[in-house]
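Contents: one structure, followed by commentary.
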There are 2 protein chains.
Amino acid sequence: MILSHVILGLLAVAPMTGYDLKKRFDTSVNHFWSADKAQIYRTLSRLVTDGLAEVKIVRQIGLPDRQEHHITEAGRATLGEWLVSAPDAHRERDPFLARIFFSGTLQRSEILALTAQRRMTAESLLNELLAQLAPGESAPQTRAEYMRFATLRNGISHVRAELEWLDEVEKDLP
Amino acid sequence: MILSHVILGLLAVAPMTGYDLKKRFDTSVNHFWSADKAQIYRTLSRLVTDGLAEVKIVRQIGLPDRQEHHITEAGRATLGEWLVSAPDAHRERDPFLARIFFSGTLQRSEILALTAQRRMTAESLLNELLAQLAPGESAPQTRAEYMRFATLRNGISHVRAELEWLDEVEKDLP
DNA sequence: TGCACCTAGTAGACAAGTCGACTAGGTGCA
DNA sequence: TGCACCTAGTCGACTTGTCTACTAGGTGCA
């Protein structure tokens, strides 16, 4: 699965707890992958049993212990292999497009309500992505940094394409 | 779930067997939804037990019986409600972007191999979408037809955005 | 004083999706 | 003659993903 590889990728940058990972998934990684908390913890413990990660317990004062997961050499190797392996099958799935596909029987106004909704989520997504892009705009770009920003720019391009498509639909809708 | 609604949407156009549905999912609907065969048959039988669809067995000569699933009035009502209900949560998930995000440690040539792969699949997808769009290009557009083509144009816009992004990455990659 | 929210993690049930195998006949081809 | 592929469908095992609830203390605020 891909989740374990994404987790390995994040652990390769810095050791993390399940809790830390969940935050990464909800912020910096959310434009291309998402994960449920329970799923993250389950995957983490599998990485440990598979020898791809190791746990170090870090005691804290006033806070619960941190189970810091460190990537192992085997983990780095697995990650490296995945990066250059055959592409994972990817199925597009978009419930909004599913509605649009079948919305021929709706009133014009109902369809415009759907597109207006979509426009709002697209615009707020665009703002999030732009905000994430902003800090490093003029920074010296290492390759790693360039690649991370590239995924953001990918998201931005797609959101913009979506907004232009919405313009068209709202204009041409018979 | 969305699958049952997509199936209802397809049954609303014409009665179909699980087999027919599978073909639709692999051709005309595949740019926004996909489904496994077993999943389709399971969902169909749940639609029947829920009273949203009915089965008519059609005998054939030389071929297995067809279990034609017809949408019921209740099914149409359910579909209609879904079309205008609150938008389904939608999480973007793209394994390719996941790789790109973590590919900072790869060689330049390895990254270019990834993008070249992506370009190939994007281009063949574009051709498929254009081929699907072609037949009705100048047809008299009913609203239903317009909406179906709109989803195709959506896919085309996104693929084009992807190709432009690939151009950029391949050009700027440090 | 109580409520909401933060850190950190566990547990269990359930829904959704995937994969492979199996039945069973029909057609086309080399 | 045998193989591959088509129509039409069933079954079981398994993996992923989601949701809810729980423990247990700490902080901030009104």
Side-chain angles (χ1 to χ4, degrees), chain A residues 1-7 10-11 14-27 29-30 32-50 53 55-70 88-95 98, chain B residues 1-8 10-11 14-27 29-30 32-50 53 55-69 88-95 98:
Chain A
M1 337 95 288
I2 290 139
L3 181 57
S4 58
H5 292 118
V6 176
I7 290 180
L10 291 170
L11 294 184
M16 280 187 232
T17 64
Y19 191 82
D20 296 335
L21 284 165
K22 178 56 181 159
K23 280 194 293 186
R24 289 285 181 299
F25 273 100
D26 289 345
T27 54
V29 185
N30 68 134
F32 63 83
W33 210 260
S34 63
D36 181 81
K37 187 176 150 179
Q39 192 77 7
I40 290 172
Y41 281 105
R42 256 194 314 238
T43 305
L44 268 181
S45 61
R46 233 215 20 222
L47 289 178
V48 171
T49 60
D50 289 355
V55 188
K56 278 185 199 158
I57 292 179
V58 179
R59 311 214 171 273
Q60 297 186 109
I61 18 168
L63 285 175
D65 290 357
R66 288 171 56 78
Q67 293 185 29
E68 256 184 14
H69 287 72
H70 296 248
D88 307 275
H90 176 43
R91 326 196 169 294
E92 289 300 335
R93 286 201 169 167
D94 191 334
Chain B
M1 340 94 290
I2 290 138
L3 181 57
S4 57
H5 292 118
V6 175
I7 290 179
L8 281 177
L10 290 170
L11 294 185
M16 280 187 233
T17 65
Y19 190 81
D20 294 335
L21 283 165
K22 178 57 181 158
K23 279 194 293 187
R24 289 286 182 296
F25 273 99
D26 290 345
T27 54
V29 185
N30 68 135
F32 62 84
W33 210 261
S34 63
D36 181 82
K37 188 175 146 177
Q39 191 78 7
I40 290 172
Y41 280 104
R42 258 196 312 242
T43 305
L44 268 181
S45 62
R46 233 214 22 222
L47 289 178
V48 171
T49 61
D50 290 354
V55 188
K56 278 185 199 157
I57 292 179
V58 179
R59 309 213 173 274
Q60 298 185 110
I61 19 167
L63 286 175
D65 290 358
R66 288 170 56 79
Q67 294 185 28
E68 256 183 16
H69 288 72
D88 308 274
H90 176 42
R91 327 196 170 291
E92 289 299 335
R93 287 201 168 167
D94 190 335

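Residue numbers begin at 1 in each chain, while the letters A, B, ... track the order of the sequences.
- In this structure, A/Ser34 contributes its side chain and A/Asn30 its backbone to no donor-acceptor pair below 3.5 Å.
- Atom CG of A/Asp88 is separated from atom C1' of C/dT18 by 15 Å (rounded to the nearest Å).
- Side chain of A/Asp36, nearest nucleotide from C/dC19, D/dG9, D/dT18: D/dT18.
- Rounded to the nearest 0.5 angstrom, A/Phe32 CZ and B/Arg91 CZ are separated by 15.0 Å.
- A/His70 and A/Glu68 share a donor-acceptor pair across their side chains, judged by distance under 3.5 Å alone.
- Taking atom CD1 of B/Ile40 as the reference point, atom P of C/dA16 lies 15 Å away to the nearest angstrom.
- Between A/Thr17 and C/dG9 there is a side-chain polar atom (N or O) within less than 4.0 angstrom of OP1 or OP2.
- An OP1 or OP2 oxygen of D/dT7 is reached within less than 4.0 angstrom by a side-chain nitrogen or oxygen of B/Tyr19.
- Contact annotation for A/Lys23: backbone-only contact, meaning every heavy-atom pair under 4.0 Å involves sugar-phosphate atoms and none involves a base.
- Comparing B/Tyr41 and A/Ser34 along DNA chain D, the residue whose closest nucleotide (by nearest heavy atom) sits nearer the 5' end is B/Tyr41.
- For D/dA8, one of the phosphate oxygens OP1 or OP2 lies less than 4.0 angstrom from a side-chain nitrogen or oxygen of B/Gln60.
- The shortest distance between side-chain heavy atoms of A/Ile7 and A/Phe25 falls below 4.5 Å.
- In this structure, B/Asp50 atom CG and C/dA15 atom P are separated by 12 Å, rounded to whole Å.
- Minimum atom distance to the side chain of A/Gln67 is reached by C/dT10, of the listed C/dG17, C/dT10, D/dG9.
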Provide a list of protein-nucleic acid N or O atom pairs under 3.5 angstrom, restricted to nucleotides 24-28 of chain D.
from   : atom 1 : to      : atom 2 : distance (Å)
D/dG26 : O4'    : A/Gly62 : O      : 3.4

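- The side-chain heavy atoms of B/Leu11 and B/Met16, taken from C-beta on, include a pair separated by under 4.5 Å.
- What separates CD of A/Gln39 from P of C/dG9 is a distance of 17 Å, to the nearest Å.
- Residues A/Asp50 and A/Arg46 are paired through a salt bridge, judged by an N-O separation under 4.0 Å between the basic side chain and the carboxylate.
- A/Ala35 comes within 4.0 angstrom of no nucleic acid atom, judged by non-hydrogen atoms across all strands.
- With rounding to the nearest 0.5 angstrom, the CE atom of B/Met1 is 7.0 Å from the OG1 atom of B/Thr43.
- Counting to the nearest Å, the C1' atom of C/dT10 and the CG atom of A/Leu21 are 16 Å from each other.
- Although no hydrogens or angles enter the test, the distance criterion places no donor-acceptor pair under 3.5 Å between the side chain of B/Asp26 and the main chain of B/Lys23.
- Considering only side-chain N and O atoms, B/Arg91 lies under 4.0 angstrom from the phosphate OP1 or OP2 of D/dT18.
- For the pair A/Asn30 CG and D/dG17 C1', the interatomic distance rounds to 17 Å; values are reported in whole Å.
- Where A/Arg46 and B/Lys37 each meet DNA chain D at their nearest nucleotide, the meeting point lying more 5' is that of B/Lys37.
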(message) If a pair means Watson-Crick or G-U wobble with both distances below 3.5 Å, what does DNA chain C look like in dot-bracket form, with | marking bases paired to a different strand?
(response) ||||||||||||||||||||||||||||||
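- Electrostatic pairing of B/Asp36 and B/Lys22 does not count as a salt bridge here, judged by no charged N lying under 4.0 Å from a carboxylate O.
- On a pure distance criterion of 3.5 Å, a polar donor-acceptor pair joins the side chain of B/Arg42 and the base of C/dT18.
- Regarding B/His90, its NE2 atom lies at a distance of 15 Å from the P atom of D/dG17, rounded to whole Å.
- Between A/Arg93 and the phosphate of C/dG17, there is a side-chain N or O to OP1/OP2 separation shorter than 4.0 Å.
- Distance B/Phe25 CZ to C/dG17 C1': 13 Å, rounded to the nearest Å.
- Between B/Pro15 and B/Lys56 the shortest side-chain heavy-atom distance does not fall below 4.5 Å.
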